[in-house]
Amino acid sequence: MNAVQESPGAERLAYFTPPDTLQRRAALASMLTRELDFDNVRPQLLGDQPYDTRLWKTLIGEVGLGGVLAPESAGGLQLRFEDFATTTAELGRRLYPGPHFGSVTLALGALTPLLETAAGERPAAGTVPELAASVVSGDVIAALAFMDDAGSWPPDGAGVTAARGPDGGWTLTGTRGLVVNASQAGTLVVLADADGEPALLAVNTSAARLTDLDSIDPTRPLARVALDAAPGVLLASGPQAVRAVEHAVTVARVAIAAEAVGGAEAALHEAVDYSLQRRQFNRPIGGFQSIKHLCADGLIATQAAIAALSYATWALDDGSAEAPAALLAAKIAATDTYLKVAADCIHIHGTYGYTRDLVSQCHYRRAKWLSLFLGTNSEDRRRLAALLEV
């Protein structure tokens with residue numbers, strides 16, 4: 001969890017949350033509690049109003065949420081996955097409606113490994129440091145266009161073709177689906193096939209045609225991106241591009257599990273609070289055995305999901321070979337738990353829980369979105385089984 005040296009030169013991680021991470025979480029939680037009161041933010045959560053750009057700039061520029069994982073060379077904090085999961089869980093707890101997932105998690109998640117050149121590889125294009133720094137600072141909102149309409153990501157970049165012109169420039173033609181926060185982004189980072197190998201290119205959003213797609217969570221807008229000879233700037237190609245997309249997927253899985261854990265805790269809190277206030281037969285409904293069981297089961301599952309996420313981030317930070325399997329297990333446990341707890345929260349509230357007046361249905365929408373993005377839990381279980389068979 002934290003890089004604590006057990007002896008001179010030791011690099012392994014001690015399995016506990018460091019005080020600075022806890023302090024950072026407490027400060028962020030306090031701020032979000034003030035800023036994201038449900039009665040005030042409800043129009044944003046329901047899609048009736050756009051997200052608060054002032055709060056976004058504060059979170060990114062002043063609090064530094066844009067650069068938790070980014071290197072210092074891009075203006076980031078260069079912290080660990082545990083810190084990223086801790087802060088992202090707080091965003092999930094408060095159902096933050098801004099473009100953090102699309103811009104910081106996915107787009108910056110793809111740009112970050114390009115800032116470090118592996119042995120034998122060409123340095124990434126000069127645009128990469130500039131774009132990464134702009135995303136970290138919040139000056140640019142970016143979106144990663146790497147999936148097809150079915151939610152798969154072709155490692156060869158199929159679906160979009162990048163052609164080099166006589167002047168050395170690139171143009172992109174094709175479509176990408178399920179692009180998160182594309183409608184709010186100024187720059188698209190597009191996975192394409194360039195001269196027979198996968199590549200990532202930066203495209204101005206104004207050069208693309210966006211079609212909004214239905215999203216069960218209005219705070220997580222999705223779009224199909226169509227490109228017709230759109231000008232682009234090459235960021236990386238070959239193994240660099242593949243590694244960048246893989247890193248973005250890893251960061252996104254951490255974010256999904258963390259948001260689900262934070263959201264599940266919040267939904268459980270809402271359910272318990274209501275069960276102590278709502279009375280039937282002259283007693284709080286929280287005293288009924290069936291309600292007690294729902295809440296107790298939710299608490300046990302949530303604590304198990306927290307433990308799974310904690311171990312997954314430790315494994316990632318420690319470079320453990322178990323990290324891929326641990327991360328899939330954490331994503332499955334967290335999203336399954338969030339869906340169950342959010343549904344039980346609605347159940348405990350009764351018919352009232354489905355209405356726009358309560359946050360319970362917003363939690364269910366977010367839980368459902370998280371459980372489907374990057375593959376369903378059934379697909380993730382098959383991926384996990386394949387990893388465990390090796």
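The chain is numbered in sequence order, starting from 1. On a predicted model such as this, the values are computed, not experimentally measured, just so you know.
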Please determine whether side chain to side chain contact (heavy atoms under 4.5 Å, CB included) holds for the pair Val251 and Val104, giving the CA-CA distance in whole Å, both sets of side-chain angles, and the decisive distance to 0.1 Å. CA-CA 10 Å; Val251 176; Val104 174; over 6 Å; no
Apply side chain to side chain contact (heavy atoms under 4.5 Å, CB included) to the pair Val225 and Val190, showing each step before the final yes or no. CA-CA 10 Å; Val225 173; Val190 183; 5.7 Å; no
For a side chain to side chain contact (heavy atoms under 4.5 Å, CB included) check, start with the C-alpha distance between Thr302 and Val341, then their side-chain angles and the critical distance, and finish with the verdict. CA-CA 8 Å; Thr302 300; Val341 172; 4.0 Å; yes
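Comment: Lys340 does not engage Asp336 in a salt bridge, judged by the lack of any side-chain N to carboxylate O separation of less than 4.0 angstrom. Note on Arg80 versus Asp83: no salt bridge recorded, every NZ/NE/NH1/NH2 to OD/OE distance being 4.0 Å or above. A salt bridge does not link Asp228 with Arg209: every distance from a Lys NZ or Arg NE/NH1/NH2 to an Asp or Glu carboxylate oxygen is 4.0 Å or more.
Using a 4.5 Å heavy-atom threshold, the side chains of Leu111 and Leu115 count as separate. Between Trp369 and Thr219 there is no side-chain heavy-atom pair separated by less than 4.5 Å. At a threshold of 4.5 Å between non-hydrogen side-chain atoms, the residues Gln303 and Ile300 do not count as touching.
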Side chains of residues 357-365: which donor-acceptor partners sit under 3.5 Å, not counting sequence neighbours?
| unit_1 | atom_1 | unit_2 | atom_2 | d |
| --- | --- | --- | --- | --- |
| Ser360 | OG | Gly353 | O | 2.7 |
| Gln361 | OE1 | Arg365 | NE | 3.0 |
| His363 | ND1 | Tyr338 | OH | 2.7 |
| Arg365 | NH1 | Ile216 | O | 2.9 |

Per-pair distances, 0.1 Å, donor-acceptor, side chain in residues 91-101, under 3.5 Å, sequence neighbours excluded:
| unit_1 | atom_1 | unit_2 | atom_2 | d |
| --- | --- | --- | --- | --- |
| Arg93 | NE | Glu90 | OE1 | 3.2 |
| Arg93 | NE | Glu90 | OE2 | 3.4 |
| Arg93 | NH1 | Glu265 | OE1 | 3.0 |
| Arg93 | NH2 | Glu90 | OE2 | 3.1 |
| Arg93 | NH2 | Glu265 | OE1 | 3.0 |
| Arg94 | NH2 | Leu36 | O | 3.1 |

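By the 6.0 Å contact criterion, CD on Gln289 is open, its count of non-hydrogen atoms from other residues, nucleotides or ligands being 12 or less. Remark: Phe38 CZ is packed, more than 12 non-hydrogen atoms of other residues, nucleotides or ligands lying under 6.0 Å away.
Under the 3.5 Å distance criterion, with hydrogens and angles disregarded, no donor-acceptor pair is assigned to the side chains of Arg24 and Thr87. Side-chain polar atoms of Thr21 and Arg25 form no donor-acceptor pair below 3.5 angstrom. Between the side chains of Asn204 and Ser206, at least one donor N or O lies within less than 3.5 Å of an accepting N or O.
Cluster annotation: Ile60 is connected to Leu28 through the hydrophobic network of ILVMFWY side chains, with a link wherever side-chain heavy atoms come within less than 4.5 Å. Cluster membership check: Leu222 shares its hydrophobic cluster with Val189, using side-chain heavy-atom separations under 4.5 Å among Ile, Leu, Val, Met, Phe, Trp and Tyr. There is no path of hydrophobic side-chain contacts, each under 4.5 Å, that joins Val261 to Leu22. When hydrophobic clusters are built by joining Ile, Leu, Val, Met, Phe, Trp and Tyr residues whose side-chain heavy atoms come closer than 4.5 Å, directly or via intermediates, Leu268 is not grouped with Leu309.
Between the side chain of Asp148 and the backbone N or O of Gly159 there is no donor-acceptor pair closer than 3.5 Å. A donor-acceptor pair is defined here as one N or O able to donate and one able to accept, closer than 3.5 Å; no such pair exists between the side chain of Asn181 and the backbone of Ala143. Not a single donor-acceptor pair under 3.5 Å links the side chain of Ser310 to the backbone N or O of Ala307.
Among Val233, Asp195, Val203, the single residue meeting the side chain to side chain contact (heavy atoms under 4.5 Å, CB included) criterion with Trp170 is Asp195.
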